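Worksheet for the structure shown next.
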There are 2 protein chains.
Amino acid sequence: MNNIDIQIPPSGVRGLKNDLFLKALRGETVERPPVWMMRQAGRYLPEFIALRDKYDFFTRCQTPELAAEITVQPIRRIGPDVAILFSDILVVPQAMGIEVLMKENFGPFLPNPIRTIQDVEKVIVPNIQETLGYVMDAIKLTKEMLNDEVPLIGFAGSPWTIFCYAVEGKGSKSFDTAKGFCFSNPVAAHVLLQKITDTTILYLKEKVKAGVDAVQIFDSWGGMLSPVDYQEFSWKYINQIVEALAYETETKNTFSDEKKSVLGDLGQTTEKSTKTHVIVFGKGCWFALGEMGKSRASALGVDWTCSPRNARYLSGGNITLQGNFDPSRLLSPIPVIKKMVHEMIDEFGKDKYIANLGHGILPNIPVDHAKAFVDAVKEYGKK
Amino acid sequence: MNNIDIQIPPSGVRGLKNDLFLKALRGETVERPPVWMMRQAGRYLPEFIALRDKYDFFTRCQTPELAAEITVQPIRRIGPDVAILFSDILVVPQAMGIEVLMKENFGPFLPNPIRTIQDVEKVIVPNIQETLGYVMDAIKLTKEMLNDEVPLIGFAGSPWTIFCYAVEGKGSKSFDTAKGFCFSNPVAAHVLLQKITDTTILYLKEKVKAGVDAVQIFDSWGGMLSPVDYQEFSWKYINQIVEALAYETETKNTFSDEKKSVLGDLGQTTEKSTKTHVIVFGKGCWFALGEMGKSRASALGVDWTCSPRNARYLSGGNITLQGNFDPSRLLSPIPVIKKMVHEMIDEFGKDKYIANLGHGILPNIPVDHAKAFVDAVKEYGKK
């Protein structure tokens, strides 16, 4: 790998004004946990709706100025400790030559779903800069706009989750068609899963080069699989991504003289292999936390059906955990939200922990309830 | 309770030709586990489709001859050890005065969903014989048709699951509206949940009087709740039902002289309080298996995301378990199905176990694959 054109210091020494999130990813002691919300740049924000009404879904994803603006909207409005780049997991299959549409009041629609080995063979592992360069441009622009206030997360869907959409052709309660394809044609399924994995690794490496401080893999549909099938059809591929990212990103330090003097010896390193922090979030994947906890991932996302105590136990007790407030619970009165957030932090423990929801924020959450969630975490140390 | 018009001996002494299922519910040693499949009377069977094309959904539920015929179809075709009465969980809210429609290519639709305390107040706890007498007639007819070959299960939705439909007004991936109602208006939510619970207890007691050998409670949407909210909004009510059914059904024995001589003292009891076997199936409710395992339920259903080993551990190791083959796995080639079924039985152990799927059978399963599942269990002892 040759990253010499990229000018990013190793994570944690970037001079971020708020590095709580990176501290939590490294397992360092913090005064209070960092906080962000999945889908924090989303439909509960009036300023997001204003842009949504003017630009269609993929225009928002593919126009760096729009993606960057949407990414920083929640930072201004509710003040989480981390930004996550506005994008969609389905830009990856799009780049692989699979047509993806976003239908009004329906969600994603793939008019030519993958159903045969011939379909699989037509799918390409693309040149990332040519197909997804707009994401990298959005990252660079967002980093400028964030001005080192908070770190930036980049994300991708897990290979299994992308596979689900590519085969099912749309959202589903149980992705039975996708699962049926795996079980009746496992060879073809594995070829497709490997192509998605290879693409995702290239994609996430480019995102790191473009400037994201950590990446998150969303395995939204991993919970549809049995534990045994999860290992075969999902975790095996997620772990390839974790392995590829966690230790292989080389960076060339290009600190300013000022920073060098502050950092001493560390600042003088000119070529360094750094660890990219990977967060793995498998919705409904409590049964795989044990395997995940032994991996090189920096943190694991947990949904609200797994209690903090169970999550610590199942994941082995050492890895940083992220989650797990029930998004619907943000409809509770604000005092109830704040009380439940403090109970959640008490149960996870303040260290090796990133406060978050257990899934994406819902469109019908009042903005002041979302802000109450963030505020409650910030007030935690001050009880 | 006055059951003197009903002539059912205590369960297990009814002279059923195949009592494997009741043995497993009582925790007795068996040569091989009993087997049935959730939704075994369903859309994968050509003879079911033939009736579906002639009669609409609620006609099938409300016409005893049709419900009984549909119930016995899979017994003839694939030979499971248990029948389950064809019906729907939504006949209960219907009886409570909530309009329920079944829309083509859409599923259940409730045109006037419950959204306020005023709506809740209008919901009634009905007279069961007046509103749901057709179910009792279907049970009596089915028992005649089954001719004591296999036992018959009656079922109901859990109060939480019925609540989800009553408030959401339709199926949903996450029932956010129903959950939002609980969290923003818990008092009204509990009033409605209690009304559903009271109705369900009356309904299931009538089913037992009409002749079912066991009942199953389907908590299809319990897995949408956090463990703490599950206790408050679902398990609390399910457990009321279990408590009401497990020990309170009084029956008057009316054995023939022949049976009396076989049964000795037991046969001479004329008034006896018997235990109704209750199976609780909470989809996605692995986190509640501990609490459930301490209850008076006779067995717990398990979905395929919880490994047999985890299910035994979480439920405390003593209670009979039922499940948990991934319904999509019936799309695997038949030899793979048979191998996986035997592995599943090995992992659960043959005793205190009822082989089943982890959820309902899918419409696209070939009949010979469904039969292979049942056959594999029957062949287990003969390996």
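A, B, ... follow the sequence lines: proteins, then strands. Residue 1 opens every chain. From a predicted model like this one, the values you see are computed outputs, not experimental measurements.
Looking at A:Cys306, both its backbone and its side chain come within 4.5 Å of chain B, counting heavy atoms on both sides. Proximity to chain B is limited to the side chain of A:Asp229, based on heavy atoms less than 4.5 angstrom apart. With a threshold of 4.5 angstrom between heavy atoms, A:Asp326 approaches chain B through side-chain atoms but not through N, CA, C or O. Contact annotation for A:Leu362: only side-chain heavy atoms (C-beta onward) come within less than 4.5 Å of a heavy atom of chain B. For chain B, no part of A:Ser174 is nearby; none of its heavy atoms comes within less than 4.5 Å. For a residue to count as touching a neighbouring chain, one of its non-hydrogen atoms must lie under 4.5 Å from one of that chain's; by this rule B:Thr177 does not touch chain A. B:Asn310 touches chain A through its side chain: at least one heavy atom from C-beta onward sits under 4.5 Å away, while N, CA, C and O do not.
B:Phe183 and A:Ser332 make their closest contact through CB-OG, 3.6 Å (heavy atoms, listed as atom of the first residue, atom of the second, distance). The two residues B:Leu331 and A:Ser184 come nearest to each other via the heavy atoms O-CB, 3.9 Å. For A:Ser307 against B:Pro227, the heavy-atom pair with the smallest separation is N-CG, 4.1 Å.
Note that CG of B:Leu225 and OG1 of A:Thr305 are 10.0 Å apart. Values are rounded to the nearest 0.5 Å. With rounding to the nearest 0.5 angstrom, the OG atom of A:Ser226 is 9.0 Å from the CZ atom of B:Phe325.
The candidate with the highest count of non-hydrogen atom pairs below 4.5 Å against chain A, out of B:Phe287, B:Trp286, B:Phe181, is B:Trp286.
Within 6.0 Å of atom CZ in B:Arg43, 12 or fewer heavy atoms from other residues, nucleotides or ligands are found, so the atom counts as exposed in its surroundings. Other residues, nucleotides and ligands contribute over 12 non-hydrogen atoms within 6.0 Å of the CZ atom of A:Arg115. When the shell of 6.0 Å around NZ of B:Lys350 is examined, it contains more than 12 heavy atoms from other residues, nucleotides or ligands. Summarising the local packing, CZ of A:Arg52 is surrounded by more than 12 heavy atoms from other residues, nucleotides or ligands at distances under 6.0 Å. Within 6.0 Å of NZ in B:Lys338 there are more than 12 heavy atoms belonging to other residues, nucleotides or ligands.
When atom types are taken as modelled, the side chain of A:Trp304 and the backbone of B:Met224 share a donor-acceptor pair closer than 3.5 angstrom.
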